[in-house]
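Below is one structure, written out as structure tokens, with a few remarks after it.
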Amino acid sequence: MPPIIRVEEIAKYSGQEVTVQGWVYSRTDKGKLVFLVVRDGSGFVQCVAFKGDLPEALFDQLTRLPQESSVIISGAVREDKRAPGIPGGYEIGVKEIKIVQTAAEDYPMALKEHGVDFALDNRHLWIRMPSQWAILRIRGTVISAIREWFELNGFINMDTPILTPAAVEGTSTLFETEYFDEGKAYLSQSGQLYNEANIMAFGKVYCFGPTFRAEKSKTRRHLTEFWMVEPEIAFCDLDGLMEIEEQFVTHIVKRVLRDRGPELKSLGRDLAKLDKIEPPFPRISYDEAAKVIQELYEKETDPDKKELLKFEWGMDFGAPHEAALTNRYEKPVFVYGYPTQVKAFYMEPWPDRPEVCKSVDLLAPEGCGEIIGGSERMSNPELLLQRIHEHGLPEAAYKWYLDLRRYGSVPHSGFGMGLERTVAWICGIEHIREAIAFPRMIKRVYP
RNA sequence: UCCUCGCUAGCUCAACGGCAGAGCGGGCGGCUGUUAACCGCUAGGUUCGAGGUUCAAAUCCUCGGCGAGGAGCCA
């Protein structure tokens with residue numbers, strides 16, 4: 001048997017005999033000719049069988065081979081512009097084929113459009129389709145690029161607990177579970193507070209894991225279980241944080257462009273838009289952003305759209321505001337200096353402006369909205385304790401957190417980036433449920 | 001939680017008060033360059049559920065279920 005290759009590297013084997021192991025994605029038979037598009041996990045390649053090249057019984061079997069049958073195919077690779085596939089442009093002339101299993105004939109994911117509910121009920125099969133496969137391959141590369149950038153920049157991976165005690169941040173709704181004799185434990189909504197402890201030991205750290213939110217958010221930008229990467233940096237202020245964020249995001253985009261071009265193209269993504277992602281990213285203050293939104297509100301003539309843009313200083317931005325803001329830029333845009341009242345208790349106040357804090361969100365272009373939320377953390381122990389009281393949080397639960405400000409407190413900053421939102425932006429897809437293999441949403445825990 | 005929309009063949013949809021239909025997918029047959037091929041034949045239905053109006057309901061009404069889009073909520 002010729003050497004087993006991966007379809008993503010097929011161009012290297014032009015003119016050579018190879019073997020691919022995979023599944024029949026589609027079949028078109030045309031008399032004495034059968035076209036099989038075979039996917040092997042790394043790509044999709046067309047295999048062409050001529051009746052004269054194969055034993056009659058085997059060829060006959062091929063003409064009725066059901067979609068998703070598993071096969072091992074050997075033959076010569078040849079360049080052919082007509083050949084579909086990912087990356088495409090090459091095909092295999094079938095010399096030998098072993099049918100590992102003939103798939104059942106009632107495969108539900110016919111090669112056509114499907115409704116959302118049906119597709120999600122069949123997510124375990126949907127991920128085999130080129131679009132979903134491409135998105136999840138890109139997700140894998142984004143994860144790899146994230147870890148790579150941290151490795152290259154002196155960060156250490158220090159994962160934080162997923163089971164956490166009550167009221168760590170006191171804001172969002174958490175999933176709860178019984179925890180032996182200790183009462184309730186909650187699924188983590190952030191590793192940040194633990195990361196603040198970690199940096200005082202390790203300087204620069206990041207955690208990267210699943211995050212849970214029990215809010216009944218029903219939008220294209222929310223999952224109940226999603227992945228968040230959270231770096232935290234000692235001796236870093238808000239400006240330093242923004243520099244890190246733009247370097248980090250740029251690195252991720254460049255890696256995806258380098259390694260996942262065929263996948264992006266198969267999704268119909270406009271690569272020119274991603275090519276423009278380079279530091280520096282525009283930075284605007286919350287005050288400026290509020291003014292811009294007010295102006296857009298005044299100019300809007302459609303009464304429904306106008307209502308959605310309604311805004312006054314002190315509010316957090318909703319999805320329509322974010323979209324209106326980011327549509328003005330080709331790059332992700334930093335919005336910094338949010339009102340203290342809409343942000344978490346631990347953010348450093350703006351000097352001489354206590355109503356504003358040193359927070360920064362990064363909003364992705366093309367209407368995607370927030371992909372990163374971050375801030376400079378409060379380093380003054382007295383003020384921090386006051387904020388904990390103001391927010392009605394139990395002081396005892398924060399004893400360890402307050403300790404961090406007593407024993408060598410330093411200016412420090414960090415952020416959290418939502419993986420699925422980032423993948424959705426890079427892929428140019430509408431809904432983040434497609435950016436994770438098995439999405440968890442309010443109405444769905446199956447499959 | 002609110003607003004809007006939807007639920008008919010495996011899938012995507014049509015029929016909108018008068019015989020339950022099409023395309024795709026499946027099966028059988030044909031075709032040596034297909035790209036979600038094409039051509040012929042064929043199988044496939046508790047029209048989401050319950051109740052009501054009517055000579056007659058997939059269609060109209062009421063209630064319920066499920067889902068989607070948006071808003072809100074949400075480091």
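Computed from a predicted structure; not experimentally measured. In the text below, chain A, chain B and the rest are named by the order of the sequence lines, each starting its count at 1.
- Listed by chain and number, the residues in a side-chain contact (heavy atoms from CB on, under 4.5 Å) with A:D40 are A:R6, A:V7, A:S42 (sequence neighbours excluded).
- Taking the side chain of A:K218 as heavy atoms from C-beta on, and the options B:rA68, B:rG29, B:rU34, the nearest nucleotide is B:rA68.
- Using a 4.0 Å cut-off between charged nitrogen and carboxylate oxygen, A:E420 and A:R139 count as a salt-bridge pair.
- Here the P atom of nucleotide B:rG33 and the CD atom of A:Q46 are 13 Å apart, to the nearest Å.
- Taking atom CD of A:E113 as the reference point, atom P of B:rC13 lies 9 Å away to the nearest angstrom.
- A salt bridge links A:R353 to A:E355: one of the charged nitrogens lies within less than 4.0 Å of a carboxylate oxygen.
- A:Y25 places its OH atom 14 Å from the C1' atom of B:rU34, with the value rounded to the nearest Å.
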The dot-bracket string of RNA chain B, counting Watson-Crick and G-U wobble pairs with both distances under 3.5 Å, using [ ] for crossing pairs and | for pairs to another strand, is (((((((..((((....[..)))).(((((.......))))).....(((((..]....))))))))))))....
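- Taking atom CG of residue A:L308 and atom C1' of nucleotide B:rC2, one finds them 14 Å apart after rounding to whole Å.
- Base contact: A:R82 has a heavy atom under 4.0 Å from a base atom.
- We find that NZ of A:K443 is positioned 15 Å from C1' of B:rG6, with the value rounded to whole Å.
- Taken from CD1 in A:I426 to CG in A:L264, the straight-line distance is 8.0 Å, to the nearest 0.5 Å.
- Comparing the same atom, P, in B:rC63 and in B:rG23 gives a spacing of 39 Å after rounding to whole Å.
- Between A:R221 and B:rC74, a side-chain N or O to OP1/OP2 separation shorter than 4.0 Å is absent.
- Picking from B:rA36, B:rC11, B:rA71 the nucleotide with the shortest atom distance to the side chain of A:T219 gives B:rA71.
- Salt-bridge annotation for A:R27 and A:D29: present, with a side-chain N of the basic residue lying under 4.0 Å from a carboxylate O of the acidic one.
- A distance of about 16 Å separates the P atoms of B:rU59 and B:rU54, rounded to the whole Å.
- Identified under the side chain to side chain donor-acceptor pair (under 3.5 Å) test for residues 312-321 of chain A, with sequence neighbours left out: A:D287-A:W313.
- Annotation: of the two residues near RNA chain B, A:S217 and A:M441, the 5′-most nearest-nucleotide partner is A:M441.
- For A:R433, a side-chain nitrogen or oxygen approaches OP1 or OP2 of B:rG69 to under 4.0 Å.
- Legend: salt bridge (Lys or Arg N to Asp or Glu O under 4.0 Å) pairs involving residues 69-78 of chain A, not counting sequence neighbours, sorted by first then second residue: A:R78-A:E91.
- Annotation: cation-pi geometry satisfied between A:K306 and A:Y297 (NZ/CZ under 6.0 angstrom from ring centroid, within 45° of ring axis).
- With values rounded to the nearest 0.5 angstrom, A:E434 atom CD is found 9.5 Å from A:C427 atom SG.
- In this structure, the separation between CZ on A:R405 and OH on A:Y398 is 11.5 Å, given to the nearest 0.5 Å.
- Residues of residues 226-243 of chain A having a heavy atom closer than 4.0 Å to RNA chain B, listed by number: A:M228, A:E230.
- Here the C1' atom of nucleotide B:rG27 and the CG atom of A:L65 are 15 Å apart, to the nearest Å.
- The residue A:G374 sits apart from the nucleic acid: no heavy atom pair falls under 4.0 Å.
- With both ends at atom P, the span from B:rA68 to B:rG25 equals 28 Å, rounded to whole Å.
- Every pair passing salt bridge (Lys or Arg N to Asp or Glu O under 4.0 Å) that includes a residue from residues 109-119 of chain A is listed here, sequence neighbours excluded: A:D117-A:R444.
- Not counting sequence neighbours, A:R421 has no partner by the salt bridge (charged side-chain N to carboxylate O under 4.0 Å, His left out) test.
- Here, B:rU46 and B:rU4 have their C1' atoms 29 Å apart, quoted to the whole Å.
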Report each atom pair, protein N/O against N/O of nucleotides 30-32 of chain B, whose distance is under 3.5 angstrom.
from   : atom 1 : to    : atom 2 : distance (Å)
B:rC31 : N3     : A:G31 : N      : 3.2
B:rC31 : N4     : A:D29 : O      : 3.4
B:rC31 : N4     : A:D29 : OD2    : 3.2
B:rC31 : N4     : A:G31 : N      : 3.3
B:rU32 : OP2    : A:K32 : N      : 3.2

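- Taking a cutoff of 4.0 Å between a charged side-chain nitrogen and a carboxylate oxygen, A:K343 and A:D361 qualify as a salt bridge.
- Of the P atoms belonging to B:rG21 and B:rU42, the separation is 15 Å, rounded to the nearest Å.
- Toward the 5' end of RNA chain B, the nearer of the two residues A:H321 and A:D80, judged by each one's closest nucleotide, is A:D80.
- Taking every heavy atom of residues 410-427 of chain A and every atom of RNA chain B, pairs under 4.0 Å involve A:G416, by number.
- In this entry the distance linking CZ of A:F317 with P of B:rC73 reads 14 Å, nearest Å.
- Spacing between atom NE2 of A:H431 and atom C1' of B:rG69 amounts to 9 Å, rounded to whole angstrom units.
- If you check B:rG33, B:rC74, B:rC28 against the side chain of A:E91, the one that comes closest is B:rG33.
- A salt bridge links A:E68 with A:R39: the distance from a Lys NZ or Arg NE/NH1/NH2 to an Asp or Glu carboxylate oxygen falls below 4.0 Å.
- Considering only the side chain of A:P84, B:rU34 comes nearest among B:rG33, B:rU34, B:rG69.
- For the atom pair CD of A:Q101 and CH2 of A:W23, the computed distance is 11.5 Å after rounding to the nearest 0.5 Å.
- Across the P atoms, B:rU12 and B:rC48 are found 14 Å apart, a figure rounded to whole Å.
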I'd like to compare against my own output: the B/S/- annotation of nucleotides 20-26 of chain B with a strict under-4.0 Å heavy-atom distance to protein.
---BBSS
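- Each of A:F35, A:F44, A:Y107 was scored for a ring pair (Phe, Tyr, Trp, His ring centres under 6.0 Å) with A:Y25, with one residue passing: A:F44.
- For the 3.5 Å distance criterion, the side chains of A:Y206 and A:R147 qualify, holding a donor opposite an acceptor.
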Show me the donor-acceptor pairs within less than 3.5 Å that the side chains of residues 238-250 of chain A make with the rest of the protein, sequence neighbours left out.
from   : atom 1 : to     : atom 2 : distance (Å)
A:E246 : OE1    : A:F281 : N      : 2.9
A:E246 : OE2    : A:R283 : NH2    : 3.3
A:T250 : OG1    : A:E246 : O      : 2.7

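- Between the base of B:rC74 and the side chain of A:H222 there is a donor-acceptor pair shorter than 3.5 Å.
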Donor-acceptor pairs under 3.5 Å, side chain of residues 50-61 of chain A to any protein atom, not counting sequence neighbours: which ones?
from  : atom 1 : to    : atom 2 : distance (Å)
A:D60 : OD1    : A:R64 : NH2    : 3.2
A:D60 : OD2    : A:R64 : NH2    : 2.7

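- Using P as the reference atom, B:rA14 and B:rA9 are 12 Å apart when rounded to the nearest Å.
- Spacing of C1' atoms, B:rG10 relative to B:rA50, comes out at 27 Å, to the nearest Å.
- Between B:rC73 and A:K216, no contact under 4.0 Å exists linking OP1 or OP2 to a side-chain N or O.
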